[in-house]
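A note on names: the letters A, B, ... follow the listed sequences, proteins ahead of strands, and every chain is numbered from 1.
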Protein chains: 2
Amino acid sequence: MERRASRPRIADVARVAGVSKTAVSFAFNSPERLSLETADRIREVAESLGYRPHPVARMLTQRRTMALGVLTPQALSVIFSNPFFALFNEGIARAAEEHGYELHFISPIHGSLVTAIGRATVDGVVAIGVSAEHPEVGQVRGAGLPLVLVDSEDPPELGSVVVDDEGGARAAAAHLIELGHRDILVLAVEAPQAVGDASADAPLGPRAEAAVTVRRLRGYEQAFESAGLALDPAWVVAGRASIDGGAAAFQRAWAMDLRPTAVLAMGDAMALGAIRAARDLGLRVPNDLSVVGFDDIDLASHVDPALTTVHQPIRQKGFEAVRLLLAEVEQPASPVQHLRLETRLIVRGSTAPPHGRGEVPGTQQ
Amino acid sequence: MERRASRPRIADVARVAGVSKTAVSFAFNSPERLSLETADRIREVAESLGYRPHPVARMLTQRRTMALGVLTPQALSVIFSNPFFALFNEGIARAAEEHGYELHFISPIHGSLVTAIGRATVDGVVAIGVSAEHPEVGQVRGAGLPLVLVDSEDPPELGSVVVDDEGGARAAAAHLIELGHRDILVLAVEAPQAVGDASADAPLGPRAEAAVTVRRLRGYEQAFESAGLALDPAWVVAGRASIDGGAAAFQRAWAMDLRPTAVLAMGDAMALGAIRAARDLGLRVPNDLSVVGFDDIDLASHVDPALTTVHQPIRQKGFEAVRLLLAEVEQPASPVQHLRLETRLIVRGSTAPPHGRGEVPGTQQ
DNA sequence: CCGGTTTAGAAAACCGGTTTAGCCGCACAG
DNA sequence: CTGTGCGGCTAAACCGGTTTTCTAAACCGG
């Protein structure tokens with residue numbers, strides 16, 4: 001058995017078959033330009049040698065990679081441990097495989113997104129958590145790659161997919177107000193401290209994520225105003241967008257002597273954290289404290305009580321982003337498209353009137 | 001503003017700077033071979049033109065891609081929605097980014113893993129759910145790529161990372177037996193029906209997953225035998241490895257008039273499904289039914305009651321697989337390595353003595 | 001039997017870089 | 001004054017394919 005036999009090249013096949021490289025290439029790519037007999041013989045030889053065209057060489061000549069990039073300022077390991085991305089990636093993946101494209105994740109390498117982009121061999125990029133002010137956007141466009149933004153519409157000449165964060169937030173706040181709550185704590189997402197260290201090349205995600213935070217906050221405010229109330233900035237506490245972050249933020253608020261009857265969390269993970277912290281303080285949810293999340297991750301419907309939250313179509317967001325991107329990739333002349341998807345409030349078991357006033361829904365699945 | 005200006009090539013930089021392509025290349029890769037002055041001037045010109053070496057061309061000459069492949073027989077969208085893979089990918093990602101490698105997911109394209117592998121531009125591959133009998137293994141090796149197997153040791157000449165499935169299963173069964181259970185239902189993972197259709201090129205995952213199933217089943221059996229009992233094949237029911245699959249399997253067993261006091265599920269999702277189904281039948285967990293899972297996914301400790309399960313270090317499995325792979329990639333001479341990681345039983349709230357006999361642990365977090 | 005069109009395949013250019021071999025001019029040793 | 005070594009850079013080969021251009025033989029009608 002042949003050991004360490006380095007991969008056969010097209011020239012090897014040509015030599016063994018007694019033809020030119022051209023003929024071998026034709027045998028695979030345009031067999032009609034060869035006699036049936038020759039084409040068959042070449043393919044047979046190729047098979048026996050275990051020949052496969054080298055994918056990199058192929059990309060170089062064809063100027064396509066048949067791969068799409070998913071650009072995120074977060075580290076890869078974060079992407080995969082985050083339930084939001086799990087859904088988003090699922091949508092992205094479904095669209096990509098439907099069209100026969102592979103997926104490459106473009107995330108900081110040794111802390112640098114710039115080098116990661118420089119290495120990416122893709123035909124187009126979907127970027128999430130990134131907008132105009134990021135130098136990365138310019139770099140991708142400089143490379144001549146189509147780019148579709150998710151959760152940002154900022155450079156308006158780029159394709160984009162966003163959701164109605166404002167409307168969703170408005171509905172969430174209105175729901176609590178309608179139930180009779182007045183002392184409402186808002187848990188905002190704080191900008192994560194970049195990726196590990198403040199590396200030389202990038203003030204990363206913060207601002208783009210901030211945009212989402214701002215939109216949701218605006219939605220909350222609108223609901224307050226519509227009800228003739230005002231959102232006291234002292235009742236807005238920021239924390240990391242995780243279970244622990246939510247718990248910590250709630251505890252901090254409690255320590256500041258805030259005694260809310262309800263919580264508006266900007267993410268389900270934070271909401272779950274708030275519930276945990278509240279329970280540790282002896283509060284019952286929803287009897288003593290109502291909690292509304294945001295995003296509607298899978299877990300939200302599986303906890304007890306099931307979480308009232310604002311649903312946003314995360315899978316679909318990924319799916320559509322790839323769809324728009326592929327339109328640009330496959331017909332470069334086509335106009336960029338903008339898409340805005342709806343959000344909607346899903347009332348489950350974690351909200352009720354304050355202080356046990358009125359009926360208590362309990363666990364209504 | 002320059003429109004559609006196609007990406008500058010190295011020749012453009014050379015022309016503008018009045019030097020050869022070689023000099024430009026040196027300016028970036030071996031500046032010491034140029035006078036400081038020339039190197040600076042070239043870099044300046046390159047910068048002003050927005051030049052970036054074309055990554056594909058670079059890969060071709062350097063014969064490295066600085067990317068690793070994650071090979072799975074499952075569709076990409078499955079990978080991202082599965083909590084097991086979420087943890088596995090997290091480990092993989094952490095190791096890859098630590099070493100400055102990108103990650104490419106190699107999953108069936110239009111149902112064919114073979115074409116996906118043919119397109120993959122990577123320096124090495126980690127394969128999960130795949131073993132000797134799969135033609136894909138041969139293809140990867142034929143391409144001259146280092147390959148590390150996860151959850152299989154079958155072609156022994158390949159690097160591998162496995163966990164002690166047998167020992168974990170033994171501990172799980174022993175735990176139930178010790179609590180006094182005798183009527184124990186086993187929920188096995190059934191082979192998923194390939195990817196969509198029975199496409200021409202691949203009898204995919206089934207057999208490799210079956211190997212894990214077999215190992216766990218053997219572990220259960222061993223515990224039974226050690227206690228002088230026997231595992232009745234009629235009490236082994238197969239189902240899909242999901243919450244719904246677990247629920248369905250439990251219901252099927254119930255319909256067959258099996259009345260277990262405990263369940264050994266080969267995955268946490270199945271265990272959760274069994275719990276749901278049992279509750280729907282009016283059973284209380286753990287009072288009327290004890291349930292033990294396998295894997296210890298994140299969710300396991302967050303449900304109520306928290307799930308007693310066999311912990312396997314999934315993140316670590318991914319991390320170590322990449323570590324072994326990189327050793328082969330970076331020093332091709334190095335010997336392949338085999339790693340076996342431990343599993344351990346984690347007793348939480350979903351198990352108790354049968355029929356409320358003895359004390360009831362309740363929710364002990 | 002001849003000029004023109006097909007057909008089958010080869011030669012060469014190309015994709016966009018890196019790398020090897022080598023050239024040129026200058027300083028320095030003999 | 002000549003040979004040698006070296007710094008600084010270039011020409012050309014190369015990576016492994018695809019694609020364009022070109023050629024020789026077969027075919028074809030008149």
> Can you check the B:D40 CG to D:dG8 P distance for me, whole Å?
13 Å
> Applying a 4.0 Å non-hydrogen cut-off, can you work out what B:F28 is touching in the nucleic acid: base, sugar-phosphate, or nothing?
nothing
> May I have the distance from A:R64 (atom CZ) to D:dT19 (atom P), rounded to whole angstrom?
12 Å
> Does a donor on one side chain and an acceptor on the other come within less than 3.5 Å for B:T72 and B:S107?
yes
> A:N29 has an atom CG; how far is it from atom C1' of D:dT19, in whole Å?
10 Å
> In dot-bracket notation, what is the pairing pattern of DNA chain D, taking Watson-Crick (N1-N3 plus N6-O4 or O6-N4) and G-U wobble (N1-O2 and O6-N3) contacts under 3.5 Å, with [ ] crossing and | for other strands?
||||||||||||||||||||||||||||||
> Mark yes when over 12 heavy atoms from residues, nucleotides or ligands other than A:E32 sit less than 6.0 Å from its CD; otherwise mark no.
yes
> Counting only side-chain nitrogens and oxygens, does A:R58 get under 4.0 Å of the OP1 or OP2 atom of D:dT18?
yes
> Between atom CG of A:L158 and atom CD of A:E153, what is the distance when rounded to the nearest 0.5 Å?
11.5 Å
> Grab the CD-C1' distance between A:E32 and D:dT19 for me, whole Å please.
13 Å
> Quickly work out the B:R7 CZ to C:dG16 C1' distance and round it to whole Å.
10 Å
> Taking CG from A:L49 and P from D:dG17, how many angstroms apart are they, rounded to a whole number?
12 Å
> Are the side chains of B:V70 and B:H104 in touch, meaning some heavy atoms are under 4.5 Å apart?
no
> Distance check, rounded to the nearest 0.5 Å: A:L68 atom CG versus A:F105 atom CZ?
11.0 Å
> Could you state the atom-to-atom distance from CD1 of B:I42 to C1' of D:dC9 in whole Å?
9 Å
> Should the pair A:E44-A:R41 be classified as a salt bridge under the 4.0 Å nitrogen-to-oxygen rule?
no
> Please determine whether a side-chain nitrogen of the Lys or Arg among A:R63 and A:D123 lies less than 4.0 Å from a carboxylate oxygen of the Asp or Glu.
no
> Is any side-chain nitrogen or oxygen of B:T38 closer than 4.0 Å to OP1 or OP2 of D:dC9?
yes
> Output yes when at least one side-chain N/O atom of B:R63 is less than 4.0 Å from OP1 or OP2 of D:dG16, else no.
yes
> Go through D:dT18, D:dG8, C:dG17 for me and flag the one nearest to the B:S35 side chain.
D:dG8
> When you check the gap from the basic side-chain N to the acidic O, do B:R43 and B:E47 get nearer than 4.0 Å?
no
> Rounded to whole Å, please give me the gap between CD in A:Q62 and C1' in D:dG16.
12 Å
> Near DNA chain C, counting only heavy atoms under 4.0 Å, which residues of residues 14-25 of chain B show up?
B:K21, B:T22, B:S25
> For a quick check of understanding: with a heavy-atom distance under 4.0 Å over all strands, which category does A:L60 fall into, base, sugar-phosphate or nothing?
base
> Please tell me which of the listed nucleotides, C:dG9, C:dT18, D:dG16, lies nearest to the side chain of A:H54?
D:dG16
> Run the side chain to side chain contact (heavy atoms under 4.5 Å, CB included) test on B:Y101 and A:R119 for me, step by step, so that the C-alpha distance in whole Å, both residues' side-chain angles and the decisive distance to 0.1 Å come before the verdict.
CA-CA 10 Å; B:Y101 280 74; A:R119 284 203 198 150; over 6 Å; no
> Give a yes or no on this: more than 12 heavy atoms of other residues, nucleotides or ligands lie within 6.0 Å of atom CD of A:E157.
yes
> Give one of base, sugar-phosphate or nothing for B:R33, where a contact means two heavy atoms less than 4.0 Å apart.
base
